[in-house]
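Structure first, then comments.
Counting starts at 1 for both ligands and their atoms, following the listed order.
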Amino acid sequence: MRDLSRKRILVTGGAGFIGSHLCKRLLDEGCDILCVDNFFTGSKDNILPLLDNPHFELLRHDVTFPLYVEVDEIYNLACPASPIHYQFDPVQTAKTSVHGAINMLGLAKRVRAKIFQASTSEVYGDPREHPQKESYWGHVNPNGLRSCYDEGKRCAETLFFDYRRQHGLRIKVARIFNTYGPNMHPNDGRVVSNFIMQALKNEPITLYGDGEQTRSFCYVDDLLEVFIRLMASPDEFTGPVNTGNPVEFTIRELAEMVIELTGSRSEIVNKPLPEDDPVRRCPDISLAREHFGWTPAIQLKEGLERTIPYFDQLLKARKNNQGLLTPSDR
Ligand code: NAD
Ligand code: UDP
């Protein structure tokens with residue numbers, strides 16, 4: 001007989017960067033976790049410390065196929081997030097967002113579960129409004145290299161709100177801005193992981209374009225805090241709500257900070273700017289502040305200081321040829 005006092009929570013994409021932290025946080029809060037992942041970009045290494053916990057269950061499954069399980073809440077995070085990963089198989093990326101949302105919403109409807117969607121700042125595209133508020137509809141290319149992700153996530157939001165209007169589902173939609181921390185894929189091409197790996201290896205830091213484009217970087221623990229508060233908020237509050245750190249940096253500033261914090265001998269080299277790379281990105285987080293009293297507590301320097309040792313350890317383990325698989329080995 002199951003313990004009715006423990007909430008049963010499904011986390012899709014639970015072996016990924018954010019998902020693995022979320023699984024741990026929810027286990028620590030006394031929940032039963034079902035982690036579903038197809039390991040496209042996620043890794044068993046990320047959830048290795050959780051595998052012995054009797055309240056943690058792992059299922060290899062692709063969310064583009066239906067799933068029949070009994071749960072109280074769903075966090076839908078399954079989707080590659082780094083541009084090189086989501087552009088590797090763009091059709092599968094769009095299917096993961098759209099078919100994945102349909103399958104998870106169908107499951108939520110059947111079992112009457114509350115469901116959370118990991119949406120993204122990419123729904124704003126290359127924004128013409130700054131900082132971005134939830135009311136902004138965005139400036140998105142519908143048929144470019146980033147569209148499989150941006151439009152996939154926009155369609156997923158549409159589905160979430162239609163399931164709410166049509167079927168009365170309890171939904172929560174978070175628009176996540178650039179988040180970083182331990183368990184990021186070392187070869188995922190995202191700027192924080194790239195720069196730290198390059199700096200630790202004293203290799204050139206690849207600055208795309210002139211490096212004057214901006215991003216606002218949120219440490220993963222801050223993000224989890226707002227996820228939990230959003231999920232616990234009254235049913236009438238659905239979002240979408242911006243979740244990110246509103247302090248904006250140029251990518252050049254980030255490169256310089258990483259070099260300084262790692263004590264690296266790396267030099268900065270310029271590379272071409274990828275297609276449709278947003279020029280500025282910064283969340284207006286008034287809504288999250290007002291509803292949950294949330295503001296990020298960990299600023300970029302401190303977050304990088306917590307993240308660098310993770311990549312350092314990966315590199316050392318790789319050198320010593322122990323465990324901790326690298327993506328190129330997988
Ligand atoms: P990630 O790539 O580390 O994690 C995604 C996880 O989903 C991986 O474990 C992957 O194997 C899994 N997955 C992919 N396709 C799947 C499928 N079809 N079926 C089952 N599992 C599948 O990325 P992340 O940074 O942890 O992002 C998690 C979520 O948050 C994603 O939905 C992403 O779009 C969203 N998000 C992240 C950021 C960020 O800065 N990290 C920003 C905006 C939105
Ligand atoms: N970027 C860079 N060098 C890199 C990787 C990324 O200059 O090695 C830039 C990229 O062009 C973008 C920003 O860093 O302007 C953030 O890129 P990322 O892929 O992390 O996320 P995005 O916000 O673009 O989805």
Side-chain angles (χ1 to χ4, degrees), residues 11-23 35-44 46-47 59-65 67 75-87 89 92-97 99-101 103-104 116-123 126 146 149-150 152-153 156 174-181 183-185 188-198 204-218 220 223 227 242-245 249-252 254-255 258 268-281 327 330:
V11 179
T12 77
F17 156 50
I18 299 174
S20 56
H21 288 275
L22 181 63
C23 288
C35 167
V36 162
D37 206 295
N38 70 350
F39 298 111
F40 174 49
T41 54
S43 149
K44 277 193 189 149
N46 286 341
I47 46 168
L59 177 65
R60 182 188 286 267
H61 174 81
D62 183 327
V63 295
T64 61
F65 296 96
L67 178 67
Y75 284 83
N76 186 37
L77 271 65
C79 186
S82 102
I84 58 166
H85 284 157
Y86 69 65
Q87 289 168 16
D89 185 348
Q92 173 67 9
T93 298
K95 277 189 189 169
T96 294
S97 277
H99 294 196
N103 289 326
M104 291 309 112
F116 170 105
Q117 168 65 356
S119 190
T120 169
S121 54
E122 291 285 323
V123 300
D126 189 4
R146 293 176 87 104
Y149 183 75
D150 301 6
K153 289 283 188 179
R175 290 183 178 156
I176 306 167
F177 284 65
N178 297 64
T179 298
Y180 67 99
N183 293 3
M184 284 185 92
H185 201 304
D188 71 3
R190 284 190 266 193
V191 70
V192 173
S193 41
N194 256 17
F195 284 2
I196 296 179
M197 288 293 281
Q198 291 163 344
I205 304 278
T206 52
L207 191 65
Y208 301 160
D210 60 8
E212 293 307 308
Q213 69 273 32
T214 69
R215 295 292 186 274
S216 309
F217 298 100
C218 185
V220 63
L223 188 77
F227 279 14
N242 287 339
T243 58
N245 189 317
F249 288 88
T250 67
I251 299 302
R252 181 179 295 280
L254 174 71
V258 168
I268 295 177
V269 296
N270 288 89
K271 298 270 180 189
L273 192 67
E275 183 182 305
D276 291 338
D277 199 278
V279 177
R280 292 187 80 181
R281 187 185 286 152
R330 275 183 216 131

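Looking only at side-chain heavy atoms (C-beta outward), Phe17 and Thr41 stay at 4.5 Å or farther from each other.
Residue Thr41 has at least one N or O atom closer than 3.5 Å to an N or O atom of ligand 1. Between Ser119 and ligand 1, not a single N/O pair is under 3.5 Å apart. Geometrically, ligand 1 and Gly19 share no nitrogen or oxygen pair separated by less than 3.5 Å. An N or O contact shorter than 3.5 Å is missing between Ala78 and ligand 1 by distance. Looking at Gly16 next to ligand 1, an N or O pair under 3.5 Å apart turns up. Ligand 1 has a nitrogen or oxygen under 3.5 angstrom from a nitrogen or oxygen of Asp37. The distance criterion of under 3.5 Å between nitrogen or oxygen atoms is not met by Gln198 with respect to ligand 2. For the pair Arg190 and ligand 2, the shortest N or O to N or O distance does not fall below 3.5 Å. Considering backbone and side-chain atoms alike, Thr96 places an N or O below 3.5 Å from some N or O of ligand 1. Checked by distance only, ligand 1 and Ile18 come closer than 3.5 Å through their nitrogen or oxygen atoms.
Close contacts between ligand 1 and Gly42 involve ligand atoms 8 (C), 9 (O), 10 (C), 11 (O) [criterion: under 4.0 Å to a heavy atom]. Atoms of ligand 2 found under 4.0 Å from any heavy atom of Asn194 (numbered from 1 in listed order, with element): 4 (C), 5 (C), 8 (O). Against a heavy-atom cut-off of under 4.0 Å, Ile251 is close to the following atoms of ligand 2: 7 (O), 13 (C), 14 (O). Taking every non-hydrogen atom of Gly189 and a distance limit under 4.0 Å, the qualifying atoms of ligand 2 come out as 5 (C). Residue-ligand proximity, Leu207 to ligand 2, at heavy-atom distances under 4.0 Å covers atoms 7 (O). Atoms of ligand 2 lying under 4.0 Å from any heavy atom of Asn178, numbered from 1 in the order shown and given with element: 21 (O), 22 (P), 23 (O). Atoms of ligand 2 found under 4.0 Å from any heavy atom of Gln213 (numbered from 1 in listed order, with element): 9 (C), 11 (O), 15 (O). The contact set between ligand 2 and Arg281, taken as ligand atoms under 4.0 Å from a residue heavy atom, comprises 22 (P), 23 (O). Every atom of ligand 1 with a heavy atom of His61 under 4.0 Å away is listed here by number and element: 19 (N), 20 (C). Atoms of ligand 2 found under 4.0 Å from any heavy atom of Pro83, numbered from 1 in the order shown, are 19 (O), 25 (O). Ligand-side atoms of ligand 1 in range of Lys153: 31 (C), 32 (O), 33 (C), 34 (O), range being under 4.0 angstrom from any heavy atom.
Heavy atoms of Ser43 found under 4.0 angstrom from ligand 1: none, in either backbone or side chain. Residue-level proximity to ligand 1 for His185 is absent, since no heavy atom of it falls below 4.0 angstrom. At a heavy-atom cutoff of 4.0 Å, ligand 1 is contacted by no atom of Lys95, backbone or side chain. Only the side chain of Tyr149 comes within 4.0 Å of ligand 1, judged by heavy-atom distances. Only the side chain of Arg190 comes within contact range of ligand 1, with a heavy atom under 4.0 Å; no backbone atom does.
Ligand 1 is never approached by Ser82 to a heavy-atom distance shorter than 4.0 Å.
A salt bridge links Arg146 with Glu122: the closest approach of a Lys/Arg side-chain nitrogen to an acidic carboxylate oxygen falls below 4.0 angstrom.
Of the listed options Val191, Thr214, Leu273, Val191 places a heavy atom closest to atom 14 (O) of ligand 2. Closest to atom 43 (C) of ligand 1 by heavy atom, among Val11, Ile176, Thr64, Val36, is Ile176.
Not counting sequence neighbours, the partners of Ser216 by the side-chain contact (heavy atoms from CB on, under 4.5 Å) test are Glu248, Cys282, Pro283.
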